[in-house]
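Working notes, beginning with the structure itself.
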Amino acid sequence: MQNILVTGGAGFIGSNFVRHLLREYPSYHVVAYDKLTYAGNLKNLLEVHDEPRYRFVRGDIADKHSLAQAIREHNIDTIVNFAAESHVDRSILEPDAFIHTDVVGTYVLLEAARQFQLERFHQVSTDEVYGSIPEGFFKEGDPLEPNSPYSASKAGGELMVRAYHETYGLNTVVTRGSNTFGPYQYPEKVAPLFITNAIDDEPLPLYGDGRQVRDWLYVEDHCSGIDLALHRGAAGEVYNLGGGNERHNIDVTRLILRLLGKPDSLIRPVADRPGHDRRYALDCARLRALGWQPAWGFEAAMAETVAWYRQNEWWWRPIKSGEFKAYYQQQYGQRLTAG
Ligand code: NAD
Ligand code: DAU
């Protein structure tokens, strides 16, 4: 493993992972391959821009010619696939792009990995493929019961990864990560949306009763878990990757407000997300047996994240005043008026 193609490398977790690989593995060459959709941002990779072991290639994972060229040109031996349409609410508004990237794109990547006989293919998946669990914890062998177009498309891509291992013997590994937060997360996701809205004294649109539970994972811990599974995970295996920080949305919201010194009156209950999963929770014993454990506590990591958004308005203000405005109006306009 020397020349790694990180697809979706200009997104939130992908860009954090590019930095992680370059820092932890001085002999690796890393190519970030990204279509630069609304969520991709080269500013996420500014810190590694001058690193000689790093390259950026603009391309679609569903474009086999562009992909083949990148693999050949950079002598790629490993793919870590972060590229995806990643936001549940957008998948409810317009599922098309989710099928294109998360299903078809994953298939095209797998074909390329097979054709070029790559050493390893890592699929970055999500705990949402299991659906919702009222109590207890999902294990890797549990059935997949995705409930949104996003999670269904991620499950589709992931099952194709399984098939390429079983049918063609491709050396694959899958991680199913839980709700991730940290620097460079596009402000459509709840943590950066609520942090940046609160900084501006704007309302925080909390869906439904706010009692849904997510298992929060700091982005650096997500990266270290992917790193371990990539290097040490068994071929064809799936690993749950959760922070072990179950919190109700209302409590996450109140924590963010407390860290910013803002009042709870900014919380605005609004109409719920259709098909909203009530609770996600993972049993991560399999990955922990390989030696992984999260380094961050939830409150400390959220404080770090809040501080980052306070200090990096140069990063998020242009996003919130661009494409995001039309999306925000479509997603929240009526909800906020009605609320
Ligand atoms: P993100 O939306 O921030 O980044 C996705 C990146 O993929 C963007 O840079 C985008 O430009 C790129 N992309 C989209 N379509 C593409 C295409 N067709 N070809 C090439 N590039 C394309 O997403 P994220 O939150 O960083 O998530 C990364 C991965 O991790 C996704 O696969 C997601 O399903 C998974 N995941 C995310 C979380 C989370 O909480 N954010 C948790 C578990 C798993
Ligand atoms: O669990 C892993 C998944 O976590 C990833 O696979 C997805 O890519 C990622 O987007 C995330 O999905 P969620 O739907 O859980 O994340 P989101 O930030 O959109 O929402 C988190 C919770 O907050 C969820 O219960 C919905 C709620 N929420 C969200 C938004 C955007 C609100 O109450 N108000 C909001 O405005």
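As the structure is a computational prediction, the values presented were derived from the model and not from experiment. Note that ligands are numbered from 1 as they come in the structure, with each ligand's atoms numbered from 1 the same way.
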> Closest non-hydrogen protein atom to atom 9 (O) of ligand 1, residue and atom name please, with distance?
Replying inline: Asp34 OD2, 2.6 Å
>> Looking only at distances, can you tell me whether any N or O atom of Phe12, backbone or side chain, sits closer than 3.5 Å to an N or O atom of ligand 1?
In response: yes
> Can you check side-chain hydrogen bond (donor to acceptor under 3.5 Å, both in side chains) on Asn75 and His29, steps first, answer last?
Replying inline: CA-CA 10 Å; Asn75 201 18; His29 290 77; over 6 Å; no
> What protein heavy atom sits nearest atom 36 (O) of ligand 2, and how far away is it?
Replying inline: Tyr332 OH, 2.7 Å
>> Does Phe82 form a ring pair (Phe, Tyr, Trp, His ring centres under 6.0 Å) with His222? I'd like the steps, not just the answer.
In response: CA-CA 12 Å; Phe82 290 87; His222 198 155; 7.4 Å; no
> Passes side-chain contact (heavy atoms from CB on, under 4.5 Å), Asn240 versus Leu287? Steps please.
Replying inline: CA-CA 7 Å; Asn240 285 343; Leu287 190 63; over 6 Å; no
> With a 3.5 Å cut-off and no angle check, do the side chains of Asn197 and Tyr332 form a donor-acceptor pair?
Replying inline: no
>> Return the closest protein heavy atom for atom 13 (P) of ligand 2 as residue, atom name and distance.
In response: Glu128 OE2, 3.3 Å
>> For the 3.5 Å polar cut-off, considering only N or O atoms, please tell me whether Thr126 and ligand 1 meet it.
In response: no
> Counting both backbone and side chain atoms, is some N or O of Ser86 under 3.5 Å from an N or O of ligand 1?
Replying inline: yes
>> Quiz question: by atom type and distance under 3.5 Å, do the side chains of Arg90 and Tyr38 form a donor-acceptor pair?
In response: yes
> Does the ring pair (Phe, Tyr, Trp, His ring centres under 6.0 Å) test come out yes or no for Phe137 and Tyr130, once each step is laid out?
Replying inline: CA-CA 10 Å; Phe137 301 90; Tyr130 294 114; over 10 Å; no
> Which ligand 1 atoms does Leu36 reach within 4.0 Å, using its non-hydrogen atoms?
Replying inline: 11 (O)
> Heavy-atom contacts under 4.0 Å between Asp277 and ligand 2: side chain, backbone, both, or neither?
Replying inline: neither
> So, Lys154 and Asp102, do they make that salt bridge, N to O below 4.0 Å?
Replying inline: no
> Among Phe82, Tyr38, Tyr184, Tyr150, which one has a heavy atom closest to atom 34 (O) of ligand 1?
Replying inline: Tyr150
> Taking only heavy atoms of Val88, which atoms of ligand 2 are found under 4.0 Å from at least one of them?
Replying inline: 14 (O)
> Within the structure, does His222 bring an N/O atom to less than 3.5 angstrom of an N/O atom in ligand 1?
Replying inline: no
>> When you measure from the heavy atoms of Ser15 to every atom of ligand 1, does any distance fall below 4.0 Å?
In response: no
> Does Ser125 come within less than 4.0 Å of ligand 1, judged by its heavy atoms?
Replying inline: yes
> For ligand 2, which atoms sit closer than 4.0 Å to a heavy atom of His87?
Replying inline: 19 (O)
> Which protein heavy atom lies closest to atom 34 (N) of ligand 2, and at what distance to 0.1 Å?
Replying inline: Pro205 O, 2.8 Å
>> Show me which atoms of ligand 1 lie under 4.0 Å from any heavy atom of Gly59.
In response: 19 (N), 20 (C)
> To which of Tyr280, Tyr186, Tyr150 does the heavy atom nearest atom 6 (O) of ligand 2 belong?
Replying inline: Tyr150
> Hey, which atoms in ligand 1 end up nearer than 4.0 Å to a heavy atom of Ala10?
Replying inline: 9 (O)
> What protein heavy atom is closest to atom 8 (O) of ligand 2, reported as residue, atom name and distance in Å?
Replying inline: Ser86 O, 2.8 Å
> So Asn16 and His20, side-chain hydrogen bond (donor to acceptor under 3.5 Å, both in side chains) or not? Walk me through it.
Replying inline: CA-CA 6 Å; Asn16 277 281; His20 172 94; over 6 Å; no
>> With a cutoff of 4.0 Å, is Gln331 in contact with ligand 2, counting heavy atoms of the residue only?
In response: no
> In terms of side-chain heavy atoms, does Ser86 have a donor or acceptor partner in Lys189 at a distance below 3.5 Å?
Replying inline: yes
> Has ligand 1 got any nitrogen or oxygen that is less than 3.5 angstrom from a nitrogen or oxygen of Ala62?
Replying inline: no
> Can you tell me the protein heavy atom closest to atom 32 (C) of ligand 2 and the distance?
Replying inline: Tyr207 CD1, 3.3 Å
> How close does the nearest protein non-hydrogen atom get to atom 23 (O) of ligand 2, and which residue and atom is it?
Replying inline: Asn249 ND2, 3.4 Å
>> Within ligand 2, which atoms have a heavy atom of Asp89 less than 4.0 Å away?
In response: 31 (C)
> Is the side chain of Ser15 donor-acceptor paired with the backbone N or O of Phe12 at a distance under 3.5 Å, no angle test?
Replying inline: yes
>> Closer than 4.0 Å to some heavy atom of Ala83 - which atoms of ligand 1 meet that?
In response: 7 (O), 20 (C), 21 (N), 22 (C)
>> As an exercise, identify every atom of ligand 1 less than 4.0 angstrom from a heavy atom of Lys154.
In response: 31 (C), 32 (O), 33 (C), 34 (O)
> Among Asn171, Thr78, Leu230, Leu109, which residue meets the side-chain contact (heavy atoms from CB on, under 4.5 Å) test with Phe121?
Replying inline: Leu109
> Which ligand 2 atoms, with their elements, are less than 4.0 angstrom from a heavy-atom of Leu206?
Replying inline: 33 (O)
> Is it true that Arg279 and Glu246 have a side-chain N and a carboxylate O under 4.0 angstrom from each other?
Replying inline: yes
>> Within the structure, is a non-hydrogen atom of Glu188 found at a distance of less than 4.0 Å from ligand 2?
In response: yes
> His276 heavy atoms, cut-off 4.0 Å: which ligand 2 atoms fall inside?
Replying inline: 24 (C), 25 (O), 26 (C)
> Which residue owns the protein heavy atom closest to atom 14 (O) of ligand 2, what's the atom, and how far is it?
Replying inline: Arg273 NH1, 2.6 Å
> Counting both backbone and side chain atoms, is some N or O of Asn41 under 3.5 Å from an N or O of ligand 1?
Replying inline: no
> Atoms of ligand 2 less than 4.0 Å from Arg214 heavy atoms?
Replying inline: 15 (O), 24 (C), 25 (O)
>> Contact between ligand 1 and Ala97 is defined here as a heavy atom of the residue under 4.0 Å from a ligand atom; is it met?
In response: no
> Quick check: does any side chain N or O of Asp209 sit under 3.5 Å from a backbone N or O of Arg211, one acting as donor and the other as acceptor?
Replying inline: yes
>> For ligand 1, which is the ligand I care about here, please tell me if Thr180 has any N or O atom under 3.5 Å from one of the ligand's N or O atoms.
In response: yes
> In terms of atom number and element, which parts of ligand 1 are under 4.0 angstrom from non-hydrogen atoms of Asp60?
Replying inline: 17 (C), 18 (N), 19 (N)
> Quick one: nearest non-hydrogen protein atom to atom 2 (C) of ligand 2, plus distance?
Replying inline: Asp127 OD1, 3.1 Å
> Just distances here: any N/O of Asn81 and N/O of ligand 1 closer than 3.5 Å?
Replying inline: no
>> If the test is ring-ring contact (aromatic ring centres under 6.0 Å, His included), which one of Trp315, Tyr218, Trp316, Trp314 qualifies with Trp308?
In response: Trp315
> Hey, what do you get for NE2 (His122) to CD1 (Ile79), rounding to the nearest 0.5 Å?
Replying inline: 12.5 Å
> At a non-hydrogen distance cut-off of under 4.0 Å, which region of Leu193 contacts ligand 2 (side chain, backbone, both, or neither)?
Replying inline: side chain
>> Taking Glu299 first and then Arg258, would you say they form a salt bridge - that is, a charged N and a carboxylate O separated by under 4.0 Å?
In response: no
> Relative to ligand 2, is Asn179 under 4.0 angstrom through side chain, backbone, both or neither, heavy atoms considered?
Replying inline: both
>> Side chain or backbone, does Asn179 bring an N or O within less than 3.5 Å of an N or O on ligand 1?
In response: no
